[in-house]
Amino acid sequence: MAAAKRAKDSAASSFVSEERLWRRHMEMAKIGATAKGGVNRQALTPEDARARALLAEWARGLGFACAMDAIGNVFIRRPGAQAAAAPVISGSHTDSQPSGGRFDGISGVLAALEALEAMNQAGIETRRPVEAAVWTNEEGSRFASGCMGSQVYTEPAKLARMLAMKDLDGMSLKEALAATRAAMPTLPERPLKSPIDCFVELHIEQGPVLEATGNVIGIVTGIAGSRRFEVEVLGEDAHAGTTPRARRKDAVLAASAMIQALHKMMADPEDEVRFTIGQIRVKPNAMAVVPGYVLFTIDFRHQSEEVLTRLGDRIEGVCRAQAGPCEVTLTETRRAPTKMFSGLVPDAIEAVTRKLGVPYMRLFSGAGHDARYVADLCPTGMIFVPCEKGISHNEAENAKPSDLAAGARVLADTLVALANR
Ligand code: GLV
Ligand code: MN
Ligand code: MN
C-alpha cells in the first residue's frame, strides 16, 4: 500500500497544479486582451513577442534553457540522462486570430510548461530530454500561410518564401521576426529540422463533441486536409456618379457573383465540406469609386483527398464563369493533406488516460494544427480538452480550469512514458 502510494505520488501528473496552470492562462490572456474578453495577439506582433518573453521568463525561473530557430520557433528544454538523444516535444502556439480566444494555442504551450515543472517537482529523470515548444504563426491571419513555424521546421526550404511574406501594412515576416527577437532575451540558435523523438500537442477541441459526450480527453485520430486559395479580381476604378453600367468593370460585383456560385458548388447534403471565404480586400475601398480590385481568400477542408481534389479543382472554372468584364487570377497558397495519427503516441496517451481514470474518446479534428506538419518528422499525437459549447476563433472561447488540468496531467505522464521508453 505504502509502495503503491509512493509510486503514485512520484508520477508527474500528481504535481500538475490546476491553480498555477489557470493563473498562467489568465496572465497570458492579459497580453492582447480585447474589450469582449478575448485576445488579439497575431503572429509576431509586439503582443505575441510579449507572450513569448513572459513564457521564457517563467521557463528560466524554473531553470530551463530556451532556444530559437530561424523562423522564431521557441524550445524550452528539460535535459534528459542521455544528453544527446532527440527530445520528446510538446507545444502549440502563442499567436491568435484577430478576434481570438484565451485558450486556442496557448493552452498547449502552458500545459507543456506545466508538465516540465511537474517533472521537476516529482524529481523525475527521463532518458530523453523533454521540451516545450512554441510554433510561430499557427493561425496564418497576419501572414497568410498558417502553421508556418512547423512547416519551415520540417521543410527548411520553405524559409526564404515565408520570410518574404508581407502583412496588410507591407511589413515583411523577416522584419516582424527581427522585432520579436529584439523584444525577447537573446536565445541561442536551434537548427531547423533537428531530430525530434516524438511530438504531442495538447489543444482545446474547438468543437462541441467532448462536452456533449461528457468526455474530458479526446485522443485525436487525425486532422482534415485543407486547400487555401487567394482569388484576385481585376476590374477598373471608375467614377461612381458618371460611369454607366455597360462601361463598368466592377470587381466587387464580379467577386460577389463568384462567392455565391462557389458556395452553391460546395453545398453538400452530408455537411462535411468546410468552405469559408473569410477575408475580402477591396481597392481602392472608397465610397464614390467603382472598385477596380478585390482579393478574397478561400479556406476549403475535407477529410477525403478525392473530394479536396475534385471540388478544389473546380474553383477556378467557377470564378472564370462569373468574372463578367473582369479578369481573375487564382493562386493556391497551401495544400495540406489529411493526416492520420496512430500507433506509438495515441496509444501512449490512451494508456495514461486509462490509468488516470479520465473519461475519454477518440475523435477526428476538423481544425488544423502544427502537429500535422511535425508528424512528417516523427511519431505524433494530440490531446484535446473540452471548450465551452465548442466555441472557438471567437472572443467568447472558454474552458474549465479542471479540464485544462486533466489534460496537463495526461500530457505530463505521457511525456514521461515516451521519454523513458
Ligand atoms: C487553425 O486555427 C485552423 O484554422 O484550423
Ligand atoms: Mn490553435
Ligand atoms: Mn486557431
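Note that ligands are numbered from 1 as they come in the structure, with each ligand's atoms numbered from 1 the same way. The structure presented is a predicted model; accordingly, all values stated were derived computationally and were not measured.
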Ring centers of Phe75, Tyr153 separated by less than 6.0 Å:
yes
Atoms of type N/O/S from protein, distance to the Mn ion (ligand 2) below 2.8 Å
3
Pairs involving residues 207-216, ordered by first then second residue, that meet side-chain hydrogen bond (donor to acceptor under 3.5 Å, both in side chains) (sequence neighbours left out)
Thr213-Asn215
Quick check: His369 with Phe384 (ring centres under 6.0 Å apart)?
yes
Are there more than 12 heavy atoms of other residues, nucleotides or ligands under 6.0 Å from atom NZ of Lys166?
no
Pairs of nitrogen or oxygen atoms, one from ligand 1 and one from the protein, closer than 3.5 Å: please tabulate them with distances.
unit_1: ligand 1; atom_1: 2 (O); unit_2: Glu139; atom_2: OE1; d: 2.8
unit_1: ligand 1; atom_1: 2 (O); unit_2: His393; atom_2: NE2; d: 3.1
unit_1: ligand 1; atom_1: 4 (O); unit_2: Arg301; atom_2: NH2; d: 2.8
unit_1: ligand 1; atom_1: 5 (O); unit_2: Arg301; atom_2: NH1; d: 2.6
unit_1: ligand 1; atom_1: 5 (O); unit_2: Arg301; atom_2: NH2; d: 3.3
unit_1: ligand 1; atom_1: 5 (O); unit_2: Gly368; atom_2: N; d: 2.6

Return yes when atom CD of Glu327 has more than 12 non-hydrogen atoms of other residues, nucleotides or ligands closer than 6.0 Å, and no otherwise.
no
Please determine whether the number of non-hydrogen atoms from other residues, nucleotides or ligands lying under 6.0 Å from atom CD of Gln121 exceeds 12.
yes
Below 4.5 Å, heavy atoms only, C-beta onward: do Met68 and Arg190 meet side chain to side chain?
no
For His393, the N, O or S atom at the shortest distance from the Mn ion (ligand 3) is NE2
Hydrogens and angles aside, do Ser392 and Glu397 bring a side-chain donor and acceptor to less than 3.5 Å of each other?
yes
With sequence neighbours left out, what residues match Glu205 under side chain to side chain donor-acceptor pair (under 3.5 Å)?
none
Around Lys249, counting heavy atoms of other residues, nucleotides and ligands shown, do more than 12 lie under 6.0 Å from its NZ?
no
